[in-house]
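Single-structure report; data block below.
FYI, side chains are in, hydrogens and waters are out, and symmetry mates aren't considered; it's all heavy atoms of this structure. Note on naming: letters A, B, ... go to the chains in the order of the sequence lines (proteins, then strands), and numbering restarts at 1 for each one.
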Amino acid sequence: MPTELAKAYDPRQVEEKWYAYWKAIGCFHAVPEPGKPNYSITIPPPNITGSLHMGHALNNTILDAMTRWHRMRGFCALCLPGTDHAGIATQAVVERELAKEGKTRQELGREAFIARCWEWREQYGTRIYHQFERLGCSFDWDRVRFTLDESYVEAIMEEFRSWYERGLIYRGVRVVNWDVKFQSSVSDIEVNMETRAGKLYHLRYPFADGSGSVTIATTRPETLLGDTAVAANPDDARYQPLFGKLLRLPLTDREIPLIADEYAKPEFGSGAVKVTPAHDLNDFECGQRHGLPQIIVIGKDGRMTEAAGPDYAGLDRFEARKRVLADMEALGLLEKVEDYTIQLPISDRSKEVIEPLLSEEWFVDMRPLARPAIDAVKEGRIRFYPDRFKDIYLYWMENIRDWNISRQLWWGHRIPLWWTDDPAATGGKLEPSGRRHAFARTREQAVAALGTEACWQDEDVLDTWFSSALWPHATLGWPEQTEDLAAFYPTSLLSTAQEILYLWVARMIMTGLDFVGDIPFRDVYIHATVLDAKGERMSKSKGNGIDPLDLIDKYGADATRLSLMQQAGKNQDIRYSEQRTEIAANFCNKLWNASRFVLMNLEDRDEATAEHTDPPITPIQTTGNQLPATSHQLPSASYQPPATIADRWILSRLNATAAAVSSALASYDMDDATRALYEFFWNEFCDWYVEMAKPRLRGDTGERAAARQMLAGVLDQTLRLLHPILPFITEEIWQALEATAGSPIRSRMARQPGTGPQASTIGVSPAIHPPSSDKEPATTNHQPAASYQLPAATISLAPYPEARAELDDPAAEAQMATVIEATRALRNLRAELGIAPGARLQAMAVAMPGAAREALAENAALIAELARLAALSVSDSPPSAGSGKWVATPIAGAEVFLEIGDALDTEKEIARIDKELAEIEKQVARAGGMLANPAFTERAPADKVQQERDRLATWQEKEVRLRERRAIFER
RNA sequence: GGGCGGUUGGCUCAGUGGUAGAGCACUUCGUUCACACCGAAGGGGUCACUGGUUCGAAUCCAGUAUCGCCCACCA
């Protein structure tokens, strides 16, 4: 007796066990084989500071489901995991740790600080791997990659060298986004514009000759100290006579010109704008046009510089603002202050106000790289799901800007460029400043390249995204031409959050095309953002986040996965509440209990096992590393009596479900896939098929065998269909089902508690594979401790059900539809009239026209079934017309009588009939109205017109019967 | 400022031209041996608004309102 299956599903009992089992048998390790198609994904590498959050849970569930689905379909499926060193994020965490010890990174020094970062990463950098395992992700742990692995660094160096030598990487002086907290520049896409309430200050700049003043408006008065001009529009008549005059810049001893530039909009404020080339991008460009000096008055520490003058130097930038305003007011030069909504640039990482300032940085010229990446998408070689992201991508790519890749950090890939200011140097590239630089991996190379010993390496490191941009090909071994690269590149799918579409996705496309000469992935799926139940972004500071690990602990990984997949449609947001996980957990429990029912009926209970009637099973032979996956076989089309309509119906529905699931998964409509499965299993298999199978299980040997074969076969197929989404519970049930299948592996599994794979005996390590440095994937020993026998098959390698045309059975579906409709109508009658179970049912064969006769009258078994499902007993004598001690209901144009004797409440019956009549009249009026409209009958397609005629006839028939019935009670 | 997405029962959402759906919540009934994390029955919506196309619109078109996302150098 499989009573070891508990009454309620307990995920904790099974999840760890099966994950260890899968790893032990090595079924996640992808080994390409000739003739076998490959499927590959390189997962978005989480930051080493990361911990699984809802976005990860959603994305990695999708990735895993797609991987498992392809694996079951016979692909060599690779899902390659890894992590990102995450320059800024990690450095921030480690600096915070240092701060707790009262130290700064500067005190520690560069080398020691980097050592601390490595320590941190060794200790915590792979925590998230274990969390992925909790989620059930079937990743190839033998191929784990980290962006600072030696081989990965080779890829970055090759990328840099190539771009540098081709002149795509250049040195530029620009206004960059300076993050004061991290003391580093950040790229445009790492800056968010936030709308804040602020002030607009109107300041007066007097003319140097004392002839009045010009008023300018600014939101940042402190930058006044760095102004080098005031601009007005050349077409602005107010200023035309004044262009070229000098203004005396208040609070300084400088004089600045009034210049004409189209950047100034006459309609804004006074029409004149202050120009601060060192602290504003527009002003910088304006300054370039007019050859204006650039005076840096705010330093990289966020404090005013010496250039700001003795009164301000050293002040914090926000303090300086107050001081400037006070001083201007004292001078009578503060004209007015207005409330104003300002757009404030905020650093995505530090949340600090970005300080735009002039800095010398390394840039990548993106335009030549963008072109092929645009074409690849336009030509459809890369497809976006949902499709609308294609346009978003293209718009950005068409307007791409150069990429600032240098970061003033220590944790990351140090820029492989060496400098010299030795005038005797000959090699490298010459900057206008007179310095030279050259690409070199080592000092020796640098000396050779520059021709001087007096050289030093650039202090900066590369933007984190410079390395992530290479992820698909670098993880597969590029720049070496590895077998993995040949087998798995281009990868099949990239799924990620929309917020890194530009930051990451676009750049991978560019580097893939540029370096490998091919797209990095065929499909890009952009998943929804997971919000809280109120539709707000989850954040630590708001404390409204849901921790997926808590959900897994409480409801299990399968329920967590299912709840996410149910909501992963084409919408851009998901409002997640814990209730969704509960609902999903209920489904798992339903699956568990229905399976228990099937399993318990597969056992021979009270009779001798002598006449074992299970049909013979032929194990499926598989090749290569795919383990044999035998199972209960579905009856084929040749399955003959005792096939019932219900049998044919459930096979047809199963088949339709398999088709729907495959088609939904193929287009990443995860919600559609889960919905199809949910509805099939719960509303069709459990609610109807299992119920209808019950009497057969108590029937004679043949009936019982047929019902068992059907139940086991359909359950087996359903488990397979569900496995990509619910890996754990399906494996647990499937193994138990296998154990009853009479196959060679029978009885190895879980007959008694304790004989299945136990986590303790397989030796699950909590911290899984620290992928130390950069070794080639070791051929790990997949053999578990030989203390017990592993199951020989796993559902994760069992063939995925494919739709088979021969199982489609529209006739059976139509007949079952009638049975279902009739059953519901009868149950409704009983409930409405409060009729006790056991009332007698009489189906009047003679009174039934059309399809209903076929479905009901010509199939006595169905009538009996109907009665049973509605908890009624069948009567063999028709109701006596005069007595009135019966009720009737129209079903599919026919009529079924229910004999209830003296219990009949005439008033209730009339009320019920009237209610039904009202509904019928509504339908008759609708269909009748349409058919009476010549415009409809003449212009609508013939089949639609016929459809309405049929409907009208049906309803009218029902109406007639009900009126007759009602007449019996009228006095 | 530009672009995109949403607006369907109390809640969360399916539904792209032909009888408005699901889950949760709600009401009534039911613990006969798969499941009360369950079963049966029921109530509940003029599909945001206005106009248009059409025999027919939740669905297609235009506009409006509203919520959200992305992009953007008006100080």
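B:U19 and B:C24 are spaced 26 Å apart, taking the P atom of each and rounding to whole Å. B:U46 and B:A40: their C1' atoms are spaced 31 Å apart (whole Å). If you take atom C1' in B:C47 and the same atom in B:U32, they sit 43 Å apart, rounded to whole Å. With both ends at atom P, the span from B:G45 to B:C29 equals 23 Å, rounded to whole Å. Straight-line distance between the C1' atoms of B:C69 and B:G30: roughly 48 Å, to the nearest whole Å. With C1' as the reference atom, B:A25 and B:U16 are 30 Å apart, rounded to whole Å. Using atom C1' as the reference point in both B:G2 and B:A72, the two lie 7 Å apart (nearest Å). Using atom C1' as the reference point in both B:G52 and B:C70, the two lie 31 Å apart (nearest Å).
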Find every protein N or O atom lying less than 3.5 Å from an N or O atom of nucleotides 12-23 of chain B, and list the pairs.
{"unit_1": "B:U12", "atom_1": "OP1", "unit_2": "A:Arg575", "atom_2": "NH1", "d": "3.3"}
{"unit_1": "B:U12", "atom_1": "O2'", "unit_2": "A:Arg580", "atom_2": "NH1", "d": "2.8"}
{"unit_1": "B:A14", "atom_1": "O2'", "unit_2": "A:Arg675", "atom_2": "NE", "d": "3.3"}
{"unit_1": "B:A14", "atom_1": "O2'", "unit_2": "A:Arg675", "atom_2": "NH1", "d": "3.3"}
{"unit_1": "B:A14", "atom_1": "O2'", "unit_2": "A:Arg675", "atom_2": "NH2", "d": "2.9"}
{"unit_1": "B:G18", "atom_1": "O2'", "unit_2": "A:Gln947", "atom_2": "NE2", "d": "3.2"}
{"unit_1": "B:U19", "atom_1": "OP2", "unit_2": "A:Arg951", "atom_2": "NH1", "d": "3.3"}
{"unit_1": "B:U19", "atom_1": "OP2", "unit_2": "A:Arg951", "atom_2": "NH2", "d": "3.2"}
{"unit_1": "B:U19", "atom_1": "O4'", "unit_2": "A:Arg926", "atom_2": "NH2", "d": "3.4"}
{"unit_1": "B:U19", "atom_1": "O2", "unit_2": "A:Gln923", "atom_2": "OE1", "d": "3.0"}
{"unit_1": "B:U19", "atom_1": "O2", "unit_2": "A:Gln923", "atom_2": "NE2", "d": "3.4"}

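Remark: A:Glu499 CD is loosely packed, at most 12 non-hydrogen atoms of other residues, nucleotides or ligands lying under 6.0 Å away. Residue A:Lys265 qualifies as enclosed at atom NZ: its count of foreign heavy atoms under 6.0 Å is above 12. For A:Glu919, the CD atom is densely surrounded, since the number of other residues' heavy atoms within 6.0 Å is greater than 12.
At whole-Å resolution of the value, CG in A:Asp339 and C1' in B:A75 are 17 Å apart. Nucleotide B:C29 holds its C1' atom 16 Å from the CG atom of A:Leu829, rounded to whole Å. Rounded to whole angstrom, the span from the OH atom of A:Tyr9 across to the C1' atom of B:C38 amounts to 19 Å. Here B:U32 presents its C1' atom at 10 Å from CZ of A:Arg698, a figure rounded to the nearest Å. Note: CG (A:Leu394) to P (B:C71) measures 16 Å, nearest angstrom. For the pair A:Ile500 CD1 and B:C69 C1', the interatomic distance rounds to 16 Å; values are reported in whole Å. The CD-P distance, from A:Glu194 to B:A72, rounds to 15 Å in whole Å. In this entry the distance linking CG of A:Leu200 with P of B:A75 reads 8 Å, nearest Å.
Considering only side-chain atoms of A:Trp682, the nucleotide from B:C38, B:A41, B:G5 that sits closest is B:C38. Each of B:A34, B:A75, B:G5 was ranked by its minimum atom distance to the side chain of A:Val273; first place goes to B:A75. Each of B:A75, B:A41, B:C37 was ranked by its minimum atom distance to the side chain of A:Thr219; first place goes to B:A75. With B:C70, B:A72, B:A34 as the choices, the nucleotide that has an atom nearest any side-chain atom of A:Ile392 turns out to be B:C70. Residue A:Ala264 has its side chain nearest to B:A75 when only B:A75, B:G5, B:A34 are considered. Of the listed nucleotides (B:C71, B:A75, B:C35), B:C71 has the atom at the smallest distance from the side chain of A:Tyr502. When distances run from any side-chain atom of A:Glu832 to the nucleotides B:G43, B:A75, B:A41, the shortest one goes to B:A41. Side-chain proximity of A:Asp687 to the nucleotides B:A40, B:A41, B:A34 is greatest for B:A40. The side chain of A:Arg537 approaches B:C70 more closely than any other nucleotide in the set B:C70, B:A75, B:C35. For A:Lys265, taking side-chain heavy atoms from C-beta onward, the closest of the listed nucleotides B:C74, B:A41, B:G5 is B:C74.
Checked against a 6.0 Å centroid threshold, the rings of A:Phe389 and A:Tyr393 do not count as neighbours. Ring-centre distance between A:Tyr668 and A:Tyr385: below the 6.0 Å cut-off.
Between A:Arg204 and A:Glu335, at least one side-chain nitrogen of the basic residue sits less than 4.0 Å from a carboxylate oxygen of the acidic one, meeting the salt-bridge criterion.
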Using salt bridge (charged side-chain N to carboxylate O under 4.0 Å, His left out), reason through A:Arg580 and A:Glu582 one step at a time and then give a plain yes or no. CA-CA 5 Å; A:Arg580 304 299 301 240; A:Glu582 249 180 83; over 6 Å; no
With salt bridge (charged side-chain N to carboxylate O under 4.0 Å, His left out) as the test, would you mind laying out the steps for A:Asp532 and A:Arg575 before giving the verdict? CA-CA 5 Å; A:Asp532 74 3; A:Arg575 291 185 181 207; over 6 Å; no
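Along RNA chain B, the nucleotide nearest A:Cys686 and the nucleotide nearest A:Ala935 are compared for position; the residue whose nucleotide lies closer to the 5' end is A:Cys686.
Side-chain atoms of A:Arg708 come within 3.5 Å of backbone atoms of A:Asn601 as a donor-acceptor pair (strictly under, hydrogens ignored).
Pairs of residues two or more places apart, or lying in two chains, that qualify as salt bridge (charged side-chain N to carboxylate O under 4.0 Å, His left out) and include a residue from residues 669-683 of chain A are A:Lys570-A:Asp669, A:Asp671-A:Arg675, A:Asp672-A:Arg675.
For the pair A:Tyr340 and B:A75, the criterion of a side-chain N or O lying under 4.0 Å from OP1 or OP2 is met.
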Wobble G-U and Watson-Crick pairs count when both distances are under 3.5 Å; given that, what is the 5' to 3' dot-bracket string of RNA chain B, with | for pairing to other strands? ((((((((.[[[[.)..(..]]]].(((((.......))))).....[[[[[..)....]]]]])))))))....
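Inspection of the A:Tyr263 and A:Asn233 side chains reveals no N or O donor paired with an N or O acceptor under 3.5 Å.
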